[in-house]
2 protein chains.
Amino acid sequence: MSRDDGTSDQGVRETASIPVGGLSHRVPDLGALELLLAVARLGSLGRAAREVGITQPAASSRIRSMERQLGVALVDRSPTGSRLTDAGALVTDWARRVVEAAEAFDAGAQALRDRRDSRLRVAASMTIAEYLLPGWLLALRAQRPDTAVSLIAGNSTVVAERVLSGEADLGFVEGVSVPSGLDSVVIAHDRLIVVTAPGHAWARRRRALDAGELAGAPLILREEGSGTRQVLDAALGGLARPLIELSSTTAVKASAASGAGPAVLSELALGEELSARRLVEIPVEGVRLSRDLRAVWPVGHRPTGPARDLLTLTRS
Amino acid sequence: MSRDDGTSDQGVRETASIPVGGLSHRVPDLGALELLLAVARLGSLGRAAREVGITQPAASSRIRSMERQLGVALVDRSPTGSRLTDAGALVTDWARRVVEAAEAFDAGAQALRDRRDSRLRVAASMTIAEYLLPGWLLALRAQRPDTAVSLIAGNSTVVAERVLSGEADLGFVEGVSVPSGLDSVVIAHDRLIVVTAPGHAWARRRRALDAGELAGAPLILREEGSGTRQVLDAALGGLARPLIELSSTTAVKASAASGAGPAVLSELALGEELSARRLVEIPVEGVRLSRDLRAVWPVGHRPTGPARDLLTLTRS
DNA sequence: CCCGACTCATAAGCCCACCTTATGTCCTCA
DNA sequence: TGAGGACATAAGGTGGGCTTATGAGTCGGG
């Protein structure tokens with residue numbers, strides 16, 4: 001009420017950086033987005049309200065304030081029910097992606113929480129824990145809703161220790177060699193790929209890059225010591241030449257997308273950027289940039305119960 | 001409208017609702033996630049607080065309550081600053097994806113808001129508006145922070161009308177033929193792909209599917225009338241055999257991922273599912289499942305100014 | 001023809017989550 | 001050893017969002 005959003009922002013003085021003036025003031029909260037999805041699915045404010053556990057007037061008001069916030073009518077109300085407007089359908093689709101990301105967050109966080117006494121204890125490398133595990137956990141939850149999962153993240157050594165000591169029922173590691181004392185199965189392949197902004201010269205090449213070209217070109221990279229960097233250095237024989245070194249995958253992606261140069265990243269980190277063409281993949285040949293992702297367990301003790309379910313989920 | 005969602009939607013019970021007891025009670029709100037990202041980046045609660053426009057005690061309390069909610073310590077506080085714990089690093093990465101989705105939501109919503117008088121008015125097909133445009137707008141905002149964009153979404157006919165009448169400065173359409181009176185350039189290719197759960201028999205095939213096999217197999221599909229369905233029917237000569245018909249792309253993905261059968265979807269909708277191997281692509285040959293995505297403008301009036309900037313962004 | 005069941009909207013009041021200001025404690029560095 | 005930064009704690013205000021209670025429009029059937 002007191003905050004009428006006029007044409008442009010009310011004085012947000014903020015720091016120098018260009019973007020971000022408080023996302024949370026312009027984007028409805030997760031509860032509201034969930035409610036919107038429920039309305040889309042159920043065709044009625046009242047039923048949607050019941051589904052998310054609030055009363056009908058609360059839902060009505062919440063949708064209305066969301067419409068005010070966005071400046072767009074989202075639903076057509078009628079005495080027979082509510083349907084999304086065209087704009088509403090679009091907004092709902094965007095909302096769905098936020099909610100899906102939140103679900104992945106939740107799945108991961110929930111596993112992280114119950115360090116102890118969970119029915120299924122998983123140890124995983126950072127990359128796997130970060131990018132793959134939340135999705136697996138969502139799938140597992142769909143099959144076995146009552147399975148509590150706990151997660152320990154660390155490097156291969158840590159994972160091996162936990163699995164061997166029985167602190168974890170199942171482990172996931174990346175890398176070529178399997179720690180001794182463990183049986184394993186390959187569940188996927190992680191591949192480092194070279195990407196550039198669509199406008200970069202390399203994006204118009206016909207030929208694939210060869211090892212020499214890749215090693216000779218200045219690249220946007222994660223800092224030395226990161227897993228990604230290690231794989232790349234190993235593949236090139238320690239020759240990778242950094243144009244910039246950044247400390248987060250996101251920073252590398254943003255930098256490459258803005259045209260600063262070619263970057264090398266795990267394909268796991270690049271789902272949307274590639275399909276939306278914010279970045280394009282540059283073929284490379286003659287360089288071994290892929291490594292296996294493996295599930296591991298103590299020799300002879302094939303996973304059973306929930307661990308076996310999870311393993312099944314992850315395998316092709 | 002080539003859209004749907006809703007008409008006889010009421011009957012679709014979706015997947016048997018899994019758990020969901022209110023995501024928003026288990027996931028911190030967007031403001032808290034933004035704050036966490038700021039802490040990760042700046043290494044200090046106080047500086048992070050300043051960046052997001054709150055006071056240091058507010059930030060302290062907010063992070064603390066987030067840790068209580070998640071049951072995990074996220075940051076190591078010290079008199080010299082704050083660093084993420086291991087768990088915190090993981091949570092921050094998951095949080096980043098939520099925030100990124102929210103940024104895309106915001107970019108889209110902002111364009112949707114200013115129907116009138118914006119400096120750059122874009123008309124786009126539903127698919128493009130849904131999946132590609134938010135990303136482009138984020139990129140555009142990075143280059144030209146002060147460009148206000150408005151968006152009209154509709155089918156090819158609507159887009160053509162708006163562009164020809166001057167109500168839109170630039171249009172984006174999908175499909176083979178370009179409406180007359182418009183010049184165009186291909187900016188990307190949308191491809192329908194066949195996907196299954198990793199455990200499905202097709203996922204172990206060696207050979208690519210041929211048209212006959214695809215036409216003969218019962219598929220999980222969007223309902224008749226949807227854009228996706230039209231392209232598929234055209235490619236197969238109207239022969240697509242539905243195993244289930246669902247009214248949203250998400251429902252189709254979920255159903256396929258749970259192993260119900262093979263599905264056919266636009267690759268734009270499948271970024272993360274593929275890289276996380278929740279779904280795997282089944283190669284197909286002998287069927288034309290791709291269509292061009294084109295930018296369009298009135299014959300002879302090449303885009304200038306912000307429209308040209310946007311166009312440049314979208315092209316390889 | 002009107003009653004019951006459904007839809008959504010409005011009004012009034014409560015409550016808690018979150019913010020702010022004002023302090024205190026600990027550490028580091030010059 | 002004192003200045004300055006970083007975080008924690010305490011007390012107080014405010015508003016957003018919830019609830020209950022009610023009203024109004026539409027549909028369909030006895």
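On a predicted model such as this, the values are computed, not experimentally measured, just so you know. Just so it is clear: chains get the letters A, B, ... in the order the sequence lines come, proteins before strands, and each one is counted from 1.
Around CZ of A/R144, the count of heavy atoms belonging to other residues, nucleotides or ligands within 6.0 Å does not exceed 12. Counting heavy-atom neighbours within 6.0 Å of B/R83 CZ, excluding the residue itself, gives a total of 12 or less.
OP1 or OP2 of C/dA9 has at least one side-chain nitrogen or oxygen of A/S60 nearer than 4.0 Å. For B/S44 and D/dC7, the shortest distance from a side-chain N or O to OP1 or OP2 is below 4.0 Å. Using a 4.0 Å cut-off, no side-chain N or O of B/S78 falls inside it from OP1 or OP2 of C/dC26. The side chain of A/R77 places no N or O atom within less than 4.0 Å of a non-bridging phosphate oxygen (OP1 or OP2) of C/dT7. Listed pair A/S82 / C/dC8 meets the phosphate criterion, a side-chain N or O lying under 4.0 Å from OP1 or OP2. Proximity of A/T80 to the phosphate of D/dT26: no side-chain N or O atom is located under 4.0 Å from OP1 or OP2.
For A/Q56 and C/dA9, a side-chain-to-base donor-acceptor distance below 3.5 Å is present, hydrogens and geometry of angles not being considered.
A/E67 and A/V75 get closest at one heavy-atom pair: OE2-N, 3.2 Å.
Between the side chains of A/S78 and A/T80, at least one donor-acceptor pair of N or O atoms lies under 3.5 Å. Side-chain contact check for A/R96 and B/T250: at least one donor-acceptor pair (N or O, by modelled atom type) lies under 3.5 Å.
Residues A/P79 and A/G53 both approach DNA chain D. Their nearest nucleotides, taken by heavy-atom distance, put A/G53 toward the 5′ side.
One atom, CZ of A/R62, and another, P of D/dC18, lie 5 Å apart when rounded to the nearest Å. Look at CZ on B/R83: it is 16 Å from P on D/dA6, rounded to the nearest Å. Going from atom CG of B/D76 over to atom P of C/dC27 covers 15 Å, rounded to whole Å. In this structure, B/L42 atom CG and D/dC7 atom P are separated by 11 Å, rounded to whole Å. Atom CG of B/L35 and atom C1' of C/dC19 are 13 Å apart (whole Å). Between B/H25 atom NE2 and D/dC18 atom C1' there is a gap of 11 Å when expressed in whole angstrom units. Atom CD of B/E67 is separated from atom C1' of D/dA8 by 13 Å (rounded to the nearest Å). Distance CZ (A/R47) to C1' (C/dC6): 10 Å, rounded to an integer number of Å.
Within the 4.0 angstrom heavy-atom criterion, base atoms lie near A/T55. Across all strands, B/D29 comes closer than 4.0 Å only to sugar-phosphate atoms, never to a base (heavy-atom distances). B/S61 comes within contact range of no nucleotide atom at all, as no heavy-atom separation falls under 4.0 Å.
The listed nucleotides are C/dC8, C/dC18, C/dA22; the one nearest the side chain of B/P57 is C/dA22. Picking from C/dC18, D/dA8, D/dT19 the nucleotide with the shortest atom distance to the side chain of A/I54 gives D/dT19. Here the side chain of B/R50 is nearest to one of D/dA6, C/dC18, D/dA8, namely D/dA6.
Each end of the helix from C/dC1-D/dG30 to C/dA30-D/dT1 gets its own axis from five base pairs, and the two axes differ in direction by 20°, given to 10 degrees.
Contact of the A/V39 side chain with the A/I63 side chain is registered, since non-hydrogen atoms from C-beta on lie closer than 4.5 Å. In this structure, the side chains of B/D29 and A/L30 stay at 4.5 Å or more apart for every pair of heavy atoms.
No donor-acceptor pair closer than 3.5 Å links the side chain of A/R77 to the backbone N or O of A/S82.
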